Number of protein chains: 2
Amino acid sequence: MRLTQTAEYALRAMAYMANLPEGAAIRARDLAVPTAIPPHYLSKLMRHLVVAGLIHSQKGHGGGFALARPLDQITLEAVLAAANVSLVLGDCAFGWHQCNATKPCPLHNAWTRLQTATTHWARHTTLADLRGADLSVFEDRMGISLTGEVRKADASTP
Amino acid sequence: MRLTQTAEYALRAMAYMANLPEGAAIRARDLAVPTAIPPHYLSKLMRHLVVAGLIHSQKGHGGGFALARPLDQITLEAVLAAANVSLVLGDCAFGWHQCNATKPCPLHNAWTRLQTATTHWARHTTLADLRGADLSVFEDRMGISLTGEVRKADASTP
DNA sequence: CTTTCAATGGACGCAATTGTCCATTAACAT
DNA sequence: ATGTTAATGGACAATTGCGTCCATTGAAAG
């Protein structure tokens, strides 16, 4: 189990997108600013989220990224998995091949408890749970204006 | 929050020592084998545990490491802290300066839930909870004999 | 068709973590 | 005193994670 920097970035990016208007698309660099993620690094990360099927990507003029599913159908577990982060360290903290309840390693029970808690959290928390903070909060904190840069994916651009 | 490799090593080492006979001492290299921790790396790690006051160290002939406190007075939180591992990632997953319940970042609530669960686990799990698996389990798994190498710290060597 | 825009992919540099080696120091035994 | 033992500490190498740069591809606009 390892919550890396990349994992945190992935959660930030998806949490931000969860607070965009329904079906809205956003460019990587517009997403990088309010989430304080290094732009080029974010691009790589977004690709992972795309191949995992969590978001869609659109190239060229008017392109960007948009969520591929309803908010309540994207779990944090899926997001972390897409970022190559596993909350599961392995079968056993001691690296034993067969470590079960009948013949446990010293850490088995304690490890299982933590494992259960974190897995439950990741599996039952969805992007729908990350809503509520409207984007003005971001503007307040980062000192930028986002409204002009958030565009509808299928919106007719005047 | 980051459960690193080093953190896992620290937990392994302490979990193993928790299953030694009361007050027993063990050499670093004898500890390295059954826990599958790189010997030299373990030595460094043990030093951290010493300065944190969790274990005692004895140099020279008949020396080794022994727990410095009763099992139920050594929490996993203390072990992880000694290994320079903090379960707390920061005040806010978004890196905001002021992120609280009234003006939360999108991840605030979800993040707090995970934080609470892991902290509670680390704080309320002690080495006493890691007992039960006797050392024969280690021998079975690793294919080694430990009995001859585990010695009492104050035992009179014949 | 040409231009512009934004994602994509590969290569590379940097930093932290992890892992190894060796000389030194301290304690015990003979 | 001398030798053996084991922790200590510093230096160093390897690996991994993090971050940047730039050329390419695909798509929309003119």
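Since the model is a prediction, treat every value here as computed from it, not as a measurement. As a basis for the values below, the full set of heavy atoms in this structure was taken, side chains included, without hydrogen atoms, waters or symmetry mates. In what follows, chains are A, B, ... by sequence order, proteins preceding strands, each numbered from 1.
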With sequence neighbours left out, the residues meeting side chain to side chain contact (heavy atoms under 4.5 Å, CB included) with Val51(A) are Arg47(A)

Closest to the side chain of His61(B), out of dT5(D), dC18(D), dC5(C), is dT5(D)

When rounded to whole Å, the CG to P distance for the pair Leu45(A) and dG17(D) reads 14 Å

Checklist line | Side-chain heavy-atom pair Leu3(B), Glu8(B) within 4.5 angstrom cut-off | finding: no

Kindly give the atom pairs (protein nitrogen or oxygen, nucleotide nitrogen or oxygen) under 3.5 Å for nucleotides 13-16 of chain D.
none

Gln5(B) atom CD is separated from dT20(C) atom C1', nearest whole Å, by 16 Å

d(Thr125(A) OG1, Leu107(B) CG) to nearest 0.5 Å is 10.0 Å

Fill in: Distance below 4.0 Å between Arg29(B) side-chain N/O and dA6(D) OP1 or OP2
yes

In whole angstroms, the gap separating C1' of dA6(D) from CG of Leu31(B) amounts to 14 Å

Just N and O in the side chain of Tyr9(A): are any of them under 4.0 Å from OP1 or OP2 of dG19(D)? yes

Steps toward side-chain contact (heavy atoms from CB on, under 4.5 Å) verdict (Trp111(B), Leu11(A)) | CA-CA 10 Å; Trp111(B) 201 255; Leu11(A) 291 177; 3.7 Å; yes

Across all chains, not counting sequence neighbours, the side-chain hydrogen bond (donor to acceptor under 3.5 Å, both in side chains) partners of Arg113(B) are none

Leu42(A) atom CG is separated from dA6(C) atom P, nearest whole Å, by 14 Å

His48(B) NE2 to dT8(D) P, in whole Å, measures 11 Å

Across all chains, not counting sequence neighbours, the side-chain hydrogen bond (donor to acceptor under 3.5 Å, both in side chains) partners of Gln73(A) are none

Per-nt protein contacts along nucleotides 8-14 of chain C (heavy atom under 4.0 Å; B base, S backbone sugar-phosphate only, - none) come out as SBBB---

Across all chains, not counting sequence neighbours, the side-chain hydrogen bond (donor to acceptor under 3.5 Å, both in side chains) partners of Arg69(A) are none

note: Asn84(B), atom CG; dT18(C), atom P; distance rounded to Å ~ 11 Å

Here the distance between atom C1' of dA15(C) and atom OH of Tyr41(A), to the nearest Å, is 13 Å

Donor on one side chain, acceptor on other, Tyr9(A) and Thr4(A), under 3.5 Å:
no

Rounded to whole Å, the CD1-P distance (Ile37(B) to dT20(C)) equals 12 Å

Of Ala28(B) and Ala7(A), the one whose nearest nucleotide on DNA chain D sits closer to the 5' end is Ala28(B)

Discussion item. Test your reading of the model: is there a side-chain donor-acceptor pair from Asn19(A) to the backbone of Leu130(A), 3.5 Å cut-off?
Written reply: yes

